[in-house]
Structures are given as structure tokens and as C-alpha cells.
Amino acid sequence: MPAREDGDPVERTRFRVAGTEARRADGVAKVTGAARFTVDLSVPGMAHAVMVRSTRAHARILGIEREAAERMPGVLAVLAGADLVAAGLHPYYGHVVLDHPALAVGSVRYHGEPVALVVAETKLQAAEAADLVEVRYEDLPAVIDADEALRPGAPILHHERGQRVGDEGMDQGEGALEGNVCAIARVQWGDVDAAFAKAHLVVEGEYRYPMLYGYAMEPYNALAFFDQGDLVVYSTAQHVYMVRRDLARMFDLPLARVRVSAPYVGGGYGTKSYTKIEGACAMAAHLTGRAVKLDLSVEEAMLTTRSDSSHIRCRSAFDRDGLLLAREFDIVLNSGAYTDNSPLVNSKTANRCFGPYRIPSLRVVSRSVFTNTVPASSLRGFGAPQGNIGGELQMDEAAEKLGIDPVELRLRNLAGPGEAILPGKRPLDADLREDLRCLVASLEWPGTGGVSVGFGVSASDAGAYPTSTAAVRIHADDSATLFTGSTELGQGSRTVLCQIVAEELGLSLERVAIVGGDTGVVPYERTTGASRTTTVTGRAVQEACRDARRRVRELAAQNEKVDVAAVEDAPAGVRVKDRERSYGEVIEGWFGAGGEVLGHGSVRRGEGFAQMPPFWEIGCSGVRLSVDRETGVARVEKLVTVGDVGFAINPALVHGQDLGAATMGMGAALREELVYEGEQLVNPNVVDYRVPRFSDQPPEIDLMLAERHDGAGPFGAKGAGEGAGNTIGSSVAAAIGRAIGVFPHELPATPERVWRLLRERDERARR
Amino acid sequence: MLRRFEVHRATSVEEAVDLRVRYGDDAAVYAGGTELLLAMKLGIARWAHLIDVKPIRELSRVAVARDTVRIGATVTHWDLERHPDVTRVLPALARLEASVANVRVRAAGTLAGNIAFAEPHADPPALLVALGARVVARGRRGERTLPLEEFVTGMYQTALGGDEILTAVEVPVPAPDARAAYVKFQVLERPSVGVAIVAKVNGASFAGPPAVVVGAVDELPRRVDTAALAGASLADARVADALAASARAAVSPVADLAGSEEYKRHLVGVFARRALTALAAG
């Protein structure tokens, strides 16, 4: 049985610090406003940049009139893409394909794309001058809808493809990328056609998941300058090392001469993965010789990155007993104007759409498609919610048609612990059947008295390529400092990683400090995403602690002139010649005065992480919900999540992650959607784009944890933070469907959409 | 981001009027700024001069006379939702004010500013029109009072003269046997349908036709024809049907992100019924 709330008491007592709800390392600083974010930073002589954005969705740039802006007081430079090329810089960036220009070069591909950058002494001067920059365009036909972009004769966004970076963890290969196809992913086994031919029931339908803006409190911003020829960039980047690589390429600099630092970041959710505005900001610094700050408004951030929307056509074949025989998915993602992370989103959509079931025959084709819209990239759980809406809703629709309870239908089909759900991948490291039983018990399935219930499951192959390193310094006073490249985005990574250090070194949490997110200081970390930090980085931290302890044992052996085998670890030091020595005693004994010990840890795609994914991120959540039949308003009355996390090193933080992911999921399920009318977004602001509020939160929330120590991370932990949201879209749709008798296939299930479904149903009933 | 502008802090209505005359179309009157500054930040509107009327003492008062509540132009939503006289004499207005936007908007935004900005997606106008509210404006040629219905002339348009300052909103104190209710539907930051009803009730029947006004859905608040409801029973299902039908017929909904024309017209009917239910409940 999964342990509820505080876990298995026996397991928990093995640890001192791990498994406790330790107070956040950054809590007081953030609550009091003392925490420094990139946007708070300034350096002497700093200039400010403001972007000039395209007023066309697709056009050739004929000319940029900048004299009027250049004459304005305080203006240092008005820069365009052509200037970057003329200066010998490489304006294109991208971690998969180098096709995203820091500033448009030659043409623009979406309304709102950065075309020029005005640099001035103050931000106001830059903004006022930016108003005077006139760009002359020759309009080109534009395409906004992804299905239309696939049709023959559609306007082509990229006649020449950018160079591929060839990173194993990111690039799924070129494939047959014709027309506007950005990426194709296929998953296939068995004889799908034969299975459908002999099926007792085939459920078929089209489903849509919306284009979203992952609202974070801190919009994108960066501060860049050159220090004796070295490029220094402070930014809101989640993946400082990925940005470093992009910047090194753009400036032809060795990695060692680019330093990217992310202090606290005010929310990421994947939207700050990879390079955003760092290139433009750094180029402005290069060309003006000044430190340059570029900080976007929320409205501009909404024109920088959004998530891929999906259009799914799928069908599922079942036998008489409700066993899945085959599934087939044809998915189209609207990926916007540039590649960014869409190939990975696309492949994850393909891997995650069909669910953690035993499926004898499967055929999935997912295509990521360029359109003249804001470029799409990562957003929490990417690929999972986009596909889950089709895969899970068809389980509910099939259950209804077969007359089988949808819980029972899932239990019959779910893969068990240790079973493979993707050939060649890590077997499932979770017990989804138990999770589901806990979930529906709390949801009081099947619902009563005007309240309906929806739930869903998913398993995501965590896209966390397991390359992580960490360093730990043990100081002579028995305190320790952890150095990690993982970024604190608000998720609480600094707290959890410090807990791991405290646990491993036998120190109290107060004696552990952390330095994070600065490529000039901390060792390499591949990314801060895919729920990897606790599991993958956490393992590197553990290794660094063990390396430091090994070093302490060596020093103790030399101090005591014994063989190192005669030295044992003690809780916070070593035991040698029947005496305990603290770290400090050993260190000072060896150095004579002062000194410290440095431990280094690394993990790679090998050992415990040889098989990908490093873990399966489980989604198991659901809602109790009521529908106002007159208005179509659906209201979530209770939210339930089961966090199948292996072991919660800090249960409070895991609860926060699960609630956060589910809340974002409820936003997408009920309210959030970026809307294009014609060639422009009509709601690129948070007045018209409705992010969830506290008053939207359900009156009842049950956040459960299933802790079976079955993860590959420290103490059996697995990643959390995305899974709880991945099934919310389908759960909400299923609950609405049960309430009104028609399953919504398009999210968000806005009041008007629900009202229309009700009306159509009533009209059908009358006929 | 905001562009450069100058703020003129007026300390008297006369000074504010002079500033309006001096700066003409380059100036906007600034009280709470919750609509104005948002529009300026988004670049939808730009003014070189803002005339801040908050320092004008006489505009900050709520005065209750025997037959009128006079609400000064710088009185905020927050002030009104908890003002002891307003909650006593105009409880429906106090409740409405407590539901406007969010606490930050209510703390800074003013009722008069809400009316003067004439954003159609607003709560107060429907109820104020139903209550027979008037607007007081002072300009070069003195003071005039006009019904709110005549003051608001279109989306973001009012009858305020180029030399005038809106100084107060006057709301008649309802008769002792009158009741009022306001219900709304909202999915975004602003209401998409609001229905106000003000009626004298005799036992369980309308004494005379109720005043019913639909707000937020149309370019202007729209009065609903309720002549047929005079004397009707509040509990009569046919009354609700007739009111809903009449309300739907009274509006020309503007389609936007909150809904299509068709859906909003449907909602007007639903909320007309709910307004009636709210009125009957007390």
C-alpha cells in the first residue's frame, strides 16, 4: 500500500533530514523581498535595450529606418539582424536546429518577432526611440493553423533549414522534413490494421489541446557584458549550460570564456528552458561596448515562447472484455515559427499519448509543424498533456460503450511494475494500479448528487538525459558548501539538494550552504527540467558527498598513519583507532591550519541510469466537478493527486509541485488559451489571458504520496512536478462528459463550449 | 511600458477644469488609474498630461441626504463596499462594489472613474442606471447634472465636455419598499453579462414595472422593457420567462473572448431570471 502523507514510519526513520519538511532555504529571502533575481541586478554603466517587434506575421524586411531613433537623446545604438551578421556574429541559435535568429534576418515569421533592438542610457529613452523605428515590409502569405500549414501550396516558413546541432539527447533526426514539417516522430509495433479489423469495439475521435502561455511571475530578462573579453550573462535561464553553449557558438568563444549565471528565477515551468533573449542582449553588449540589460514585459514574454497546441486524430480497439487490442494516433502540433524545443515536445507527445497500458499493436505518427505564430517550446509535462487528452478520454468513452466501469477498464489494461511500456526503455518503476485505487477512493468514484468524477493516468518517459555533476566542499568547521548547476526556479531544489548533502554528510541543514546556477563557478549540469533535479542531480550530489567522505578518510589515514581501510565513516566524520574524528579535526590535522576537502560527483548515461528514461514520471490525478447547465460553467469541487515519487525527500515541496502542476492543468482544462484571430494573438496579456487565481482553487484538495522507494534517485526518489498536471485535462473533460452526457474533445472546456455541447445534445434528443 | 508623461496634481475642481482646458486632448483625468494606466502601459492609449484629481478634498466624500447619496469622484470601490451609510441605504450597490475586479483594483479604482472611462465591461453602470443615478459635472460654465444613461454615449465615450470634470455620482435613496439586486457572469477579468433589477415590491408582487438593466454585454447598459410585469407575482414562472425574453430582446451583444453574440444573449436570459430570484430572496 502506498504510504499516505508522512510515509512509512519505518522507512522514514532511516533518515535524519531526508524525508522531513525542512524549511525552504530561500523562503525567508523570498517572502521578505530580499532575494535577488536577475531583474534586480545592475552594474555600473549599464545601458538598457528595448525591442522593436514585427507588425507582420510573414514578410520580407525591405528596410529599417532608424535615423530618427538614433537622434533621440541617450540612444547608443539601433541594431538589426543584418548588423549582427555584418559584425561577424552568428545570429542563429537553437539547441536542436540553429534557425532562431536573435533579431530577424531578412524576413519575419511571426507577428511580434524581434526585428530591432534600441539601446539607450535609460529604458524609457530606449522605449521612446523604439517608437520611431520604421520597418518597411513586403508582405508574404502567412499560415496560422497547423493543419493548413501541412496542405500543398501552403506558405513555407523555412525554405532553407538551419544547421542541426546533433545533440543525442535532443535531436530525433532529420527524417523526411518537407514543407512546414519541423519534426516527425513515429512509434509502432504489432499489426495495427489486423487488430482493428477484429475489434469488438473501436472508439474514434478528434481531440484538441490548447496553445498556452506558461505564466511565470518574472518575465524573461537578461544582463550582459564583456569582462576582459569574456562574455558574462545573467539571465532567467533554466538551463545555464545550454545557454552557454548557444552563446559560445554565436560569438565563436570557447565555453570557458562564456559565463552564464541565473540567480533566483521567478518561475520557469519549462518556459525558460534554452536560450531566449540572451543572444540579442549579449550582441547588444558586444556592439555597444556597454553592459546591457534587456527585460521584457509579460506582454512581450507572451510573444517570446508558448506551448505547442495539439490536434489529435486517434482510435482505440478493444475486445469484448475491454482489453486494448490496438491504438492509432495521428497528431499535429502547432509549433510556431522556429524549431526551438518542438522536436522533443513532438517525440514526447508520440511516446506519451497512448498511456501506460499493455497495447499489443500501436501506430503513432506525430508531426510538429511550423506556422507563422509565436514559437512553441517546453511547458511543464510537455507532450504528455497534449496527447493524454486523446488517449485517456478514449478509455472513458470505451468504458461507457462497453458498459465496463472506467476504473476497472484501466485496471485490466494498465502495465504493472517492472513491465515495459515502450520497447527497449526502462521498465515501469511504479505501481499505477495501486495509485489508481487510491485516487478513485479519495475521489469517491463514481460521484453522487450532481457531482461527477473524472480521473486519468499517464507515464512520461522523463526527458532527462542523465548528465550531471556536482561538487561539495567540506570546511574545517564541519560545515559544507554544495556547488550545483541546477537552477532554483521556485521549485525548492536548493532545499532538497541541501537535505541530500546534510543526510549524506551527517550534518544539520543549518551547516550546509549552496551555490547554484553560474557556469563560471559551479560544475556542469545539463538542464534544470524534465523533473530531473532531485533524481539525477541529487545522485550527482550524493556521489560528490561520498567522494568528499572518501577524501576525508584518506586524510585521516595519513594523519593517523594507518591504512585507509582502517578508517570508517562516522555520522559526521570518521572513526579511526576507535575514536571519532570530526571532518574539521581531520582537515586541520592534515593541513596544519585551515584547509578543506573537495568532493566531486558525476552521473552519466550508465550505471543506474544506463537505461532511459532515468525514471517514469507518473501522472495519477482527478477531479470532482459540477456543471452549471444554464451557463456551461464547470467548477472543480475537489482535486486529488497521487504523487508516485518513490520517496519524498521533502514532502511539503512535493505537495507544492503536485498542486502547482495540477493547478496549471486546471487552467488549461477550463480557461487558458492563446487565441489567434487572423494573423495576430488577440489575448497576449494577462487581462485577457486567464491564468488560474486563488479563488479558482477547488474547496477541497487531497495531495497523496505513494512512496515505494522504487526510483533511481537518492533514497529511491523519482521526479515530481509535472505528472500531476498531465492528466488533469482529460480528467476534467471526462468529468464534464459524465455530467452532461457528451465528452468535450476540445480544451479548454470554456463555459461556452460546454453550453454548446449541452445544446447540441438537447437538439439531438429532440430530433 | 509607460512612456513619458506629466502629472498635474489639481487641488480644486477649478484648477482641474483649467488644466483640462489648457491641455485639451493631450490630457486625461486621473483618479484611481486602474483602467487608464493599464491602457497606457499596453500602449493602447497615450497621454502627455494626467490631471490628478485625488488631491481635491471635496471629491473624496460620500454624503447621504434624505433622498440622495452623493458619491464624490475620488471615492473608491473599496470605500463604498464598506461605507456604513452605503451599506445601509444602498446595500445592493455595496455588494456590487465588493465584487468588482480584485482587491487591488477596488482599493485604487473609483466609481466615478469607472463611469467616466465608459468601459462597457463594467459592473456599476447597470445597477446605477436601474437606480436612476445621475452624474454631476463641473466646467467653465458651471455645474450640470445629467442622468447616467445620457452621460454614457458609447464604448469609451461619454457626454463629458472638454472643459468638464466629473465631480460626483448621485444615487437616489430607494423607497422603503424598494429592493435591488445585481447578478453577473464573469470568466475573464471583467464581467461579460450583468443584470440589475430594482423594484418596489408589494407582498410578493411588483408594485409597478421593475427597472431592469443589462450591463457589460452591449456597448451601453440597456434597459429592459418590463411594462408587462407591473403587478405580476415574483414567484410566477411565466414572469421569469417573460423577463428573460424581454432582456434577450433588449441587447445587441458584442462578441469577444468571453463569448459569442449567441451565447451572451442566452446568458442575458439566464441572468435576468437569476436577478429575479435574487430580488425575490431579499
Side-chain angles (χ1 to χ4, degrees), chain A residues 48 50-51 53 55 72-74 122-132 219 295-300 302 628-635 670-677 681-691 693-696 748-759, chain B residues 1-6 34-35 37-44 46 48 98-99 101-105 119 121-122 183-195 217 240-241 244 248 253 255-277:
Chain A
H48 297 263
V50 166
M51 275 170 168
R53 293 176 181 275
T55 54
M72 291 289 283
T122 70
K123 191 174 180 191
L124 183 59
Q125 287 171 335
E128 287 181 335
D131 293 341
L132 303 178
D295 61 308
L296 305 190
S297 62
V298 175
E299 293 77 24
E300 287 184 287
M302 295 177 89
D628 179 336
R629 285 157 181 275
E630 287 185 320
T631 60
V633 170
R635 181 177 161 73
L670 292 168
R671 298 180 181 88
E672 288 183 49
E673 182 173 30
L674 288 169
V675 179
Y676 268 89
E677 270 174 26
L681 272 176
V682 290
N683 57 347
N685 61 71
V686 282
V687 175
D688 296 318
Y689 180 88
R690 175 72 153 75
V691 297
R693 306 172 180 166
F694 277 109
S695 56
D696 295 329
T750 59
E752 178 160 1
R753 283 186 179 141
V754 173
W755 172 72
R756 285 189 182 281
L757 289 174
L758 270 162
R759 202 177 51 158
Chain B
M1 70 180 288
L2 287 170
R3 299 299 191 258
R4 206 179 301 260
F5 59 85
E6 213 174 320
T34 53
E35 297 280 9
L37 294 179
L38 191 62
M40 289 172 71
K41 278 181 188 164
L42 291 174
I44 297 166
R46 295 234 166 109
S99 77
N102 55 60
V103 69
R104 291 164 299 151
V105 167
E119 154 68 70
H121 302 93
V183 292
K184 66 165 163 177
F185 182 73
Q186 187 166 338
V187 287
L188 297 169
E189 279 294 313
R190 299 187 175 93
S192 47
V193 172
V195 179
V217 76
D241 289 345
R248 283 195 298 266
D256 57 22
L257 286 166
S260 64
E261 189 266 348
E262 185 187 22
Y263 175 58
K264 286 188 175 180
R265 194 184 296 280
H266 161 78
L267 287 176
V268 167
V270 170
F271 281 83
R273 288 171 192 279
R274 290 186 183 183
L276 186 61
T277 306

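Every chain is numbered from 1, with letters handed out A, B, ... down the list of sequences. Computation of the quantities below employed the complete heavy-atom set of this structure, encompassing side-chain atoms and omitting hydrogens, waters and symmetry-equivalent molecules.
At a 4.5 Å heavy-atom cutoff, A:R753 makes no contact with chain B through either its backbone or its side chain. Contact annotation for B:L38: only side-chain heavy atoms (C-beta onward) come within less than 4.5 Å of a heavy atom of chain A. Of the two parts of A:D688, the backbone and the side chain both hold a non-hydrogen atom closer than 4.5 Å to a non-hydrogen atom of chain B. With a threshold of 4.5 angstrom between heavy atoms, A:D696 does not approach chain B through any atom at all.
Counting only distance, with no hydrogens or angles, the side chain of A:R690 and the backbone of B:V187 share a donor-acceptor pair below 3.5 Å. With hydrogens and angles disregarded, no donor-acceptor distance shorter than 3.5 Å links the side chain of B:H266 to the backbone of A:T631.
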Can you list the steps and then say if A:N685 with B:E189 is a side chain to side chain contact (heavy atoms under 4.5 Å, CB included)?
-> CA-CA 11 Å; A:N685 61 71; B:E189 279 294 313; over 6 Å; no
Take B:E262 and A:R756 through the side chain to side chain contact (heavy atoms under 4.5 Å, CB included) test and state the conclusion after the steps.
-> CA-CA 10 Å; B:E262 185 187 22; A:R756 285 189 182 281; 2.9 Å; yes
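For A:E630 and B:R274, the salt-bridge test passes: some basic side-chain N is under 4.0 Å from an acidic carboxylate O.
To the nearest 0.5 Å, atoms CD (A:E673) and CG (B:L257) are separated by 9.5 Å. With rounding to the nearest 0.5 Å, the separation of CZ in B:R4 from CD in A:E128 is 4.0 Å. Atom-to-atom distance recorded for A:E752:CD and B:L267:CG is 8.0 Å, nearest 0.5 angstrom.
Between B:L188 and A:V687, the closest heavy-atom pair is CB-O, 4.3 Å.
With sequence neighbours excluded, the residues satisfying side chain to side chain contact (heavy atoms under 4.5 Å, CB included) with B:R248 are B:A244, B:A245, B:R265.
Few gaps surround NZ on A:K123; more than 12 heavy atoms of other groups in view lie less than 6.0 Å from it.
Across A:V686, A:D131, A:N683, the residue that shares the most heavy-atom pairs under 4.5 angstrom with chain B is A:D131.
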